[in-house]
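First up is the structure itself, then whatever we jot down about it.
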Amino acid sequence: MLHLALQAKLQAAVCAVLPDADPAAILVRPCLDTRHGDYQSNALIALAKQRKLNPRPFAEQVRAALEVADLCEAVDIAGPGFLNFRVHPMALAEVLQAEALKEVPFVPKTNQPRTVVIDFSSPNVAKPMHVGHIRSTGIGDALQRVFRLLGHRVISDNHIGDWGTQFGKLLLGWKQILDRDALGREPIAELERLYKVINTECDANPTRLEEAKQELVKLQAGDAENIAVWQEMIRVSQRQFDSVYGRLGVKFDHTLGESFYNPQLGAIVGDLLARGVARESEGAVGVFSDGSLPPKSDPFLVNRDGEWVADPALVRKSDGGFNYMTTDLATIDYRLRTWSPDEIIYVVDDRQAPHFRKLFLTFARWQPEAAQRVKLNHIGFGKILGEDGRPFKTRSGDTVKLEDLLAEAEERALKVVTEKNPDLPEAQRKEIARIVGLGAVKYADLLPNRQSDYQFSWEKMLALQGNTAPYLQYAHTRVRGIFRKSGEQASGSRQPAELVLAAPDELALAKHLINFGLVLETVAEECRPNFLNNYLYELAGLFARFYESCPVLKAEGNERATRLLLCDLTGRVLKQGLAALGIEVTEQM
RNA sequence: GCGCUCGUAGCUCAGUUGGAUAGAGCAUCCGCCUUCUAAGCGGACGGUCGUGGGUUCGACUCCCGCCGAGCGCGCCA
């Protein structure tokens with residue numbers, strides 16, 4: 001958009017003044033404070049300093065070499081050497097008209113498409129999906145949508161927890177205390193009950209623990225009965241997952257669970273041993289520190305009583321079983337061989353950060369050449385805390401089930417829709433409530449910075465005012481309402497003879513619209529969907545002000561056409577922006 | 001104990017290469033529907049950005065100390 005044109009011209013001007021300057025360091029960004037201008041560059045200050053030049057005169061020189069009269073009304077030099085650009089309404093109008101013709105306005109496809117594997121959601125078999133799963137699922141889905149919108153190749157993979165020691169306990173429970181009727185009615189609840197009962201017994205009684213381990217050993221050895229039961233547990237769990245994902249509108253290209261990699265684990269450990277990456281220790285096989293990092297930042301070391309001692313990444317237990325480290329190594333290996341990605345993104349709880357550090361370092365030692373070609377990226381996120389500020393407890397039962405949360409959201413939304421729009425047919429009200437309720441939940445989860453913990457509250461999760469999905473969806477319905485009432489089609493093909501961006505609220509809206517793509521790029525770069533939330537919230541706010549101050553249908557001629565175009569573009573950016581967050585819009589609310 | 005993360009308005013949170021007078025929502029108070037949906041808009045109130053130093057043209061942002069909170073430190077995942 002405009003900032004790119006300005007940036008290119010600024011880079012040219014800088015190079016004209018300082019031929020050996022690095023143009024890549026000269027960036028033009030939207031002004032944080034629009035009172036200073038529309039776009040700004042702070043790069044000249046740093047550059048002048050680097051060259052021991054006086055920044056103000058240097059900025060003057062650059063400005064003199066700058067040819068942006070066609071794009072800008074003014075280029076100001078402020079403070080120590082900020083360059084502030086105020087774009088020309090004509091230039092803005094040209095961009096709007098050109099972009100209106102495109103399917104996704106303001107979002108140029110990347111000229112460097114990358115292949116990105118995104119690993120997210122990853123629920124466990126035999127456990128209900130609870131509110132905690134919304135974080136990985138929502139962030140991961142938003143990321144895959146944003147990357148796709150920008151033109152990257154995305155492979156989404158749901159690495160479900162369908163293998164591991166918990167199946168020993170589950171199998172024991174299945175064989176001894178399974179309630180068939182309960183399994184028929186609520187399979188996940190029954191599986192969860194089995195696990196809890198047996199787990200408690202195992203904690204108290206070593207004999208039970210040993211029994212569970214034996215079931216696990218039989219499963220791992222391929223015992224027919226245990227395999228059949230295990231597959232049945234996966235089947236009923238997958239049915240639950242499919243139902244939740246269907247409701248959330250989340251799709252995966254692949255669902256390759258942990259068990260998929262079982263056949264390769266033995267060979268991988270063998271290879272790690274052969275290459276000297278891993279070694280035996282106390283009957284197990286592990287990867288130890290190679291001493292290349294200072295102890296403080298070496299994940300293979302841990303401090304105990306003032307001493308740094310080995311904290312290896314075990315890839316084979318002394319009983320011969322494998323760990324999730326082994327599975328994760330096999331997974332990277334498989335993904336690289338199968339898809340040749342430039343990057344693998346893991347959307348997983350921050351608490352697993354040490355595991356991923358070990359995993360990535362181990363892989364780099366195992367396959368150094370391959371590791372150089374791929375960026376392994378753990379995208380962590382904080383916990384959801386209860387309203388009392390304490391973390392949700394997974395085991396002790398007081399977690400909110402994801403399905404219940406969604407149902408509650410839709411119920412509350414239905415009440416509001418019915419109150420606001422009683423004349424709509426019930427089916428339509430329910431559909432609106434589904435979209436609004438679901439949107440509210442997803443949006444609320446994506447809004448906080450992903451790194452920080454956030455406090456769950458029904459009130460906040462389902463709020464309809466302020467920085468929420470319903471607010472944005474409402475802005476969209478206002479756009480649609482205008483077109484419904486006018487009977488005119490959204491433009492795009494029908495251009496006004498001349499765009500007249502004159503009113504301050506028209507200009508502010510237009511200037512914000514053209515930054516859509518820039519925001520998406522930042523989201524992709526930092527893997528922070530909340531930047532998009534905030535962009536869209538600002539957009540909706542600017543539209544609301546425009547809506548108050550600039551009547552559309554009462555206007556005439558070019559003014560009317562201009563406003564209709566702004567409405568159309570706003571509606572489309574809201575719709576596509578929300579879609580990138582996995583949120584739908586409606587025609588009416 | 002060691003490591004990681006975090007301390008921003010009464011509450012919940014934003015704050016995009018370090019940028020200009022730190023922003024929202026909720027709550028409280030005051031205005032605005034004979035006008036395209038008021039799920040809206042405008043305004044008021046509210047801050048020594050935990051604290052003390054440092055780096056520099058400039059620090060909520062980077063570095064160090066201290067205080068406080070959370071998490072991690074299983075042959076679980």
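In this text, all values refer to a predicted model and were calculated from it rather than measured experimentally. A note on names: the letters A, B, ... follow the listed sequences, proteins ahead of strands, and every chain is numbered from 1.
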Say we look at B/U8 and B/C60: how far apart would their C1' atoms be, to the nearest angstrom?
7 Å

Open item on the list: Is it true that A/Tyr324 and A/His355 share a donor-acceptor pair across their side chains at a distance under 3.5 Å?
Closed with: yes

Hits for side-chain hydrogen bond (donor to acceptor under 3.5 Å, both in side chains) against A/Glu587, two or more places apart or cross-chain, chain-then-number order -> A/Arg480

side-chain hydrogen bond (donor to acceptor under 3.5 Å, both in side chains) filter on A/Arg357, not counting sequence neighbours, yields none

Here the distance between atom P of B/U5 and atom NZ of A/Lys383, to the nearest Å, is 13 Å

*Sticking with atom P, work out how far B/C45 lies from B/G7, rounded to a whole angstrom.*
27 Å

With sequence neighbours left out, the residues meeting ring-ring contact (aromatic ring centres under 6.0 Å, His included) with A/His36 are none

Between protein and nucleotides 8-13 of chain B, what N or O pairs are separated by less than 3.5 Å?
{"from": "B/U12", "atom 1": "O2'", "to": "A/Lys460", "atom 2": "NZ", "distance (Å)": "2.3"}
{"from": "B/C13", "atom 1": "OP1", "to": "A/Gln455", "atom 2": "N", "distance (Å)": "2.7"}

Sticking with atom C1', work out how far B/G53 lies from B/A14, rounded to a whole angstrom.
-> 28 Å

Per side chain to side chain contact (heavy atoms under 4.5 Å, CB included), A/Ile26 is matched among A/Asn42, A/Leu83, A/Leu47 by A/Leu47

Distance, C1' atom - from B/G23 to B/C30, rounded to whole angstrom: 22 Å

Determine the Euclidean distance between corresponding C1' atoms of B/C41 and B/C57; express it in Å to zero decimal places. 41 Å

Against the side chain of A/Arg351, the closest entry in B/A77, B/A39, B/G72 is B/G72

Query raised in the report: Counting only N and O atoms by type, is there a donor-acceptor contact under 3.5 Å from the side chain of A/Arg316 to the main-chain atoms of A/Asn323?
Result: no

Practice item. Sticking with atom C1', work out how far B/U21 lies from B/G58, rounded to a whole angstrom. Key: 14 Å

Of B/A77, B/G15, B/C6, the nucleotide closest to the side chain of A/Phe531 is B/G15

_Looking at A/Val315, is its backbone amide N or carbonyl O close enough to the side chain of A/Thr326 to form a donor-acceptor pair, meaning the two atoms are under 3.5 Å apart?_
yes

Taking B/C75, B/A14, B/C73 as options, the one with an atom nearest any side-chain atom of A/Arg304 is B/C73

Of the listed B/C75, B/G15, B/C6, the closest approach to the A/Lys317 side chain comes from B/C75

Judged by whether its glycosidic angle lies within 90° of 0, B/C33 is syn

Next on the checklist: Less than 6.0 angstrom from the centroid, inside 45 degrees of the normal: does A/Arg51 satisfy that with respect to the ring of A/Phe58?
Outcome noted: no

Short N/O separations, protein against nucleotides 57-64 of chain B, under 3.5 angstrom:
none

Does a side-chain N or O from A/Arg357 land closer than 4.0 Å to OP1 or OP2 of B/G72, or not?
no

Could you tell me whether the side chains of A/Asn124 and A/Tyr195 share a donor-acceptor contact shorter than 3.5 Å?
no

With sequence neighbours left out, the residues meeting ring-ring contact (aromatic ring centres under 6.0 Å, His included) with A/His3 are none

Over all strands shown, is A/Asn530 touching base, sugar-phosphate only, or nothing at heavy-atom distances under 4.0 angstrom? sugar-phosphate

Residue set satisfying salt bridge (charged side-chain N to carboxylate O under 4.0 Å, His left out) with A/Glu526, at least two apart, ordered chain then number -> A/Arg528

So salt bridge (Lys or Arg N to Asp or Glu O under 4.0 Å) across residues 439-467 of chain A, not counting sequence neighbours, yields A/Arg135-A/Asp445, A/Lys383-A/Asp453

Once base and sugar-phosphate atoms are separated, protein heavy atoms under 4.0 Å mark nucleotides 20-30 of chain B, 5' to 3', with B, S and - as BB--SSS----

In numerical order, the residues of residues 543-551 of chain A whose heavy atoms come under 4.0 Å of RNA chain B are A/Ala544, A/Arg545, A/Tyr547, A/Glu548, A/Cys550, A/Pro551

For B/U61 versus B/G42, give the span between their P atoms, rounded off to a whole number of Å. 31 Å

Residues 530-549 of chain A vs side chain to side chain donor-acceptor pair (under 3.5 Å), sequence neighbours excluded, gives A/Asn467-A/Asn534, A/Asp505-A/Ser549, A/His512-A/Glu538

What one should report as the nearest heavy-atom pair of A/Leu361 and A/Leu293 is CD1-CD1, 4.1 Å

Taken in chain and number order and not counting sequence neighbours, the residues that satisfy ring-ring contact (aromatic ring centres under 6.0 Å, His included) with A/Phe546 are A/Phe543

- So what does A/Val519 hit on the nucleic acid, given a heavy-atom distance under 4.0 Å: a base, only sugar-phosphate, or nothing? nothing

ask   = Expressed in whole Å, how much space separates the C1' atoms belonging to B/G25 and B/A9?
value = 12 Å

Report task. Select base, sugar-phosphate, or nothing to describe what A/Gln166 touches, counting heavy atoms under 4.0 Å on all strands. Result -> nothing

